[in-house]
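Just so it is clear, the values below take in all heavy atoms, side chains as well, and ignore hydrogens, waters and symmetry mates. For ligands, and for the atoms within them, numbers begin at 1 and follow the listed sequence.
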Amino acid sequence: MLCIGIEGTAHTVGIGVVKQNNGKCSVLSNVLKIYRPEQGGIHPREAANHHTLYIADLISESVKKANVSFSEIDLISFSKGPGLGPCLRTGATAARALSLTLGKPIIGVNHCVAHLEIGRGTLSDCTDPVLLYTSGANTQVIAFAEGRYRVFGETLDIGIGNCLDKFGRTVGLDFPCGPAIEKLAINGNKYLDLPYSIKGMDIAFSGLLTAAEQYYRANKSLEDICYSIQETTFAALTEVTERAMAHTEKDEVLLGGGVAANKKLREMVQTMAKERGASFFVPTKDLCIDNGAMIAWLGVLMYKSGIRLKVEDSFIDQRFRTDMVDVTWRE
Ligand code: AMP
Ligand code: MG
């Protein structure tokens with residue numbers, strides 16, 4: 001089965017073509033364009049305008065790069081949510097147009113679940129992981145239990161990526177700020193106290209953000225602040241992930257989302273996994289960030305398990321939660 005996936009939940013418009021091979025996912029193409037605001041955060045309408053501008057060309061490019069023809073495509077999959085309304089609508093509209101033009105079925109998928117499934121689909125031995133999903137807007141610890149992907153812990157306020165980006169903006173770094181903060185942190189060596197807020201299994205970052213900004217205004221070394229932000233936030237994320245692993249008795253951990261590119265975060269989670277005798281997985285970078293291939297792959301899994309969607313029912317859902325999805329494709 002050949003599927004084209006359309007991603008457009010926030011800053012990225014991405015199109016991917018995948019094929020199912022012996023139950024695993026083979027990515028034939030995965031192309032994307034990222035909207036970068038000139039200043040401030042993401043403006044939903046401007047991001048959607050950006051996606052509208054590029055989406056048709058990206059669709060053609062992805063099909064060409066996959067070395068297939070439109071007539072060979074069996075299924076159209078799109079990000080149903082969660083995400084920004086105008087961006088989601090752009091992706092869904094393109095998906096409907098493709099579905100009607102090609103006369104092929106359409107399916108709408110949950111973006112967070114797609115981050116987990118692409119790990120299971122592309123990495124050998126990654127079968128039943130706890131996912132630490134760290135992106136701009138989303139921060140969740142997700143694992144499969146009793147027919148659903150359950151959220152064991154999540155941010156109560158802002159995502160880890162947003163926390164890094166907001167701090168970066170305050171101190172004048174370019175968006176996305178995570179990579180620059182990672183670089184600065186390498187030269188930091190003095191730990192500055194920051195609030196470590198874990199409530200139950202959930203996490204909050206805004207208090208830490210305010211405290212970090214205060215250090216900056218008090219002329220503390222930027223390198224030390226970046227170092228301390230990483231140490232504190234990543235330790236909290238690792239702690240919640242470990243508790244989810246202990247609770248579910250799972251022995252695999254998977255990273256996903258843009259912040260998973262960070263070496264320090266990888267190192268901490270990998271160390272935790274090693275100490276528990278668990279396996280550590282992280283997809284290739286192009287599959288960690290928001291991308292169309294993961295949307296296509298989840299579409300394949302859902303369609304093959306018997307799920308069908310009519311074009312007239314192909315709504316988007318800005319608040320589509322991970323645990324709302326009935327996971328019909330797993331035992
Ligand atoms: P996503 O929303 O999943 O596409 O991820 C985007 C987020 O990842 C942004 O907030 C970036 O600042 C962050 N990010 C990207 N690379 C890194 C990195 N090396 N370290 C920390 N954060 C990063
Ligand atoms: Mg994402």
Side-chain angles (χ1 to χ4, degrees), residues 5-14 16 30 32-37 40-42 44 47 50-51 78-84 87-88 91 109-119 131-140 142 149 151 154-155 158-171 173-186 188 205 209 212 226-234 237-238 254-269 282-295 297-298 318 320-322:
I6 301 181
E7 158 61 23
T9 51
H11 45 63
T12 299
V13 54
N30 201 18
L32 52 84
K33 281 262 184 214
I34 301 176
Y35 159 75
R36 293 178 205 279
I42 301 174
H50 164 272
H51 298 355
F78 70 96
S79 267
K80 175 176 170 176
L84 304 170
C87 301
L88 290 169
V109 313
N110 180 288
H111 174 96
C112 307
V113 173
H115 272 290
L116 193 143
E117 287 298 350
I118 196 64
L131 169 72
L132 171 56
Y133 172 34
T134 53
S135 73
N138 302 299
T139 299
Q140 293 185 331
I142 302 169
Y149 282 116
V151 178
E154 64 189 316
T155 175
I158 50 173
I160 175 65
N162 276 355
C163 174
L164 298 172
D165 293 338
K166 281 187 179 179
F167 176 75
R169 210 146 65 217
T170 302
V171 306
L173 303 174
D174 284 337
F175 178 87
C177 311
I181 290 175
E182 177 172 24
K183 250 191 211 151
L184 286 161
I186 293 171
F205 293 120
L209 175 62
C226 291
Y227 166 76
S228 307
I229 292 174
Q230 287 201 160
E231 291 295 318
T232 315
T233 55
F234 296 169
L237 291 170
T238 308
L254 171 71
L255 293 186
V259 187
N262 189 287
K263 283 208 187 79
K264 187 76 206 184
L265 178 65
R266 290 179 180 213
E267 198 182 288
M268 280 196 201
V269 176
V282 47
T284 52
K285 189 169 174 245
D286 55 320
L287 296 175
C288 255
I289 58 173
D290 290 351
N291 67 91
M294 70 178 189
I295 302 303
W297 177 240
L298 179 52
Q318 283 162 265
F320 191 15
R321 283 196 50 92
T322 305

Original post:
Non-hydrogen atoms of Q230 versus ligand 1: any pair closer than 4.0 Å?
Top reply: no
**OP:** Please determine if N262 has a nitrogen or oxygen closer than 3.5 Å to a nitrogen or oxygen of ligand 1.
**Re:** yes
Original post:
What N, O or S atom of D290 is found closest to the Mg ion (ligand 2)?
Top reply: OD1
Original post:
Judged by modelled atom types alone, do Y149 and E117 share a side-chain donor-acceptor pair under 3.5 Å?
Top reply: yes
Subject >> Heteroatom proximity flag, T12 to ligand 1, N/O under 3.5 Å >> reply: no
Original post:
Looking at G161, which atoms of ligand 1 are within less than 4.0 Å of one of its heavy atoms?
Top reply: 10 (O)
Original post:
Given side chains that start at C-beta, do those of T134 and F234 come closer than 4.5 Å, heavy atoms only?
Top reply: no
Original post:
Near the Mg ion (ligand 2), is there an N/O/S atom from Y133 that is less than 2.8 Å away?
Top reply: yes
**OP:** Select the closest option to atom 15 (C) of ligand 1 among G256, G258, G159, C177, judged by heavy-atom distance.
**Re:** G258
Original post:
What do you reckon, does P176 have a nitrogen or oxygen under 3.5 Å from a nitrogen or oxygen of ligand 1?
Top reply: no
**OP:** Going by heavy-atom distance to atom 16 (N) of ligand 1, choose the closest among P179, C163, S135.
**Re:** P179
Original post:
Is there a nitrogen or oxygen of I289 sitting under 3.5 Å from a nitrogen or oxygen of ligand 1?
Top reply: no
Original post:
So is there a nitrogen or oxygen of Y133 less than 3.5 Å from a nitrogen or oxygen in ligand 1?
Top reply: no
Subject >> Polar contact flag, side-chain donor to acceptor under 3.5 angstrom, T9-E7 >> reply: yes
**OP:** Over all heavy atoms of both residues, which pair between G159 and T139 is shortest? Give the atoms and the distance, please.
**Re:** CA-OG1, 3.3 Å
Original post:
Of all the non-hydrogen atoms in the protein, which one sits nearest to atom 13 (C) of ligand 1, and at what distance?
Top reply: V259 CG2, 3.8 Å
Original post:
Between NE2 of H115 and NE2 of H111, what angle is found at the Mg ion (ligand 2), rounded to 10 degrees?
Top reply: 90°
Original post:
Does a donor on one side chain sit under 3.5 Å from an acceptor on the other, for H111 and N138?
Top reply: no
Original post:
What atoms in ligand 1 come closer than 4.0 Å to a heavy atom of G257?
Top reply: 3 (O)
Original post:
Using heavy atoms and a threshold below 4.0 Å, how should the contact between L164 and ligand 1 be classified: side chain, backbone, both, or neither?
Top reply: side chain
Original post:
So which heavy atom in the protein is nearest atom 9 (C) of ligand 1, and how far is it from that ligand atom?
Top reply: D165 OD2, 3.4 Å
Subject >> Near-ring test Y35/H11, centroid separation under 6.0 angstrom >> reply: no
Subject >> ligand 1 to H11 polar contact by distance, N or O atoms, under 3.5 Å >> reply: yes
Subject >> For E182, atoms of ligand 1 separated by under 4.0 Å from a heavy atom >> reply: 18 (C), 19 (N), 20 (N)
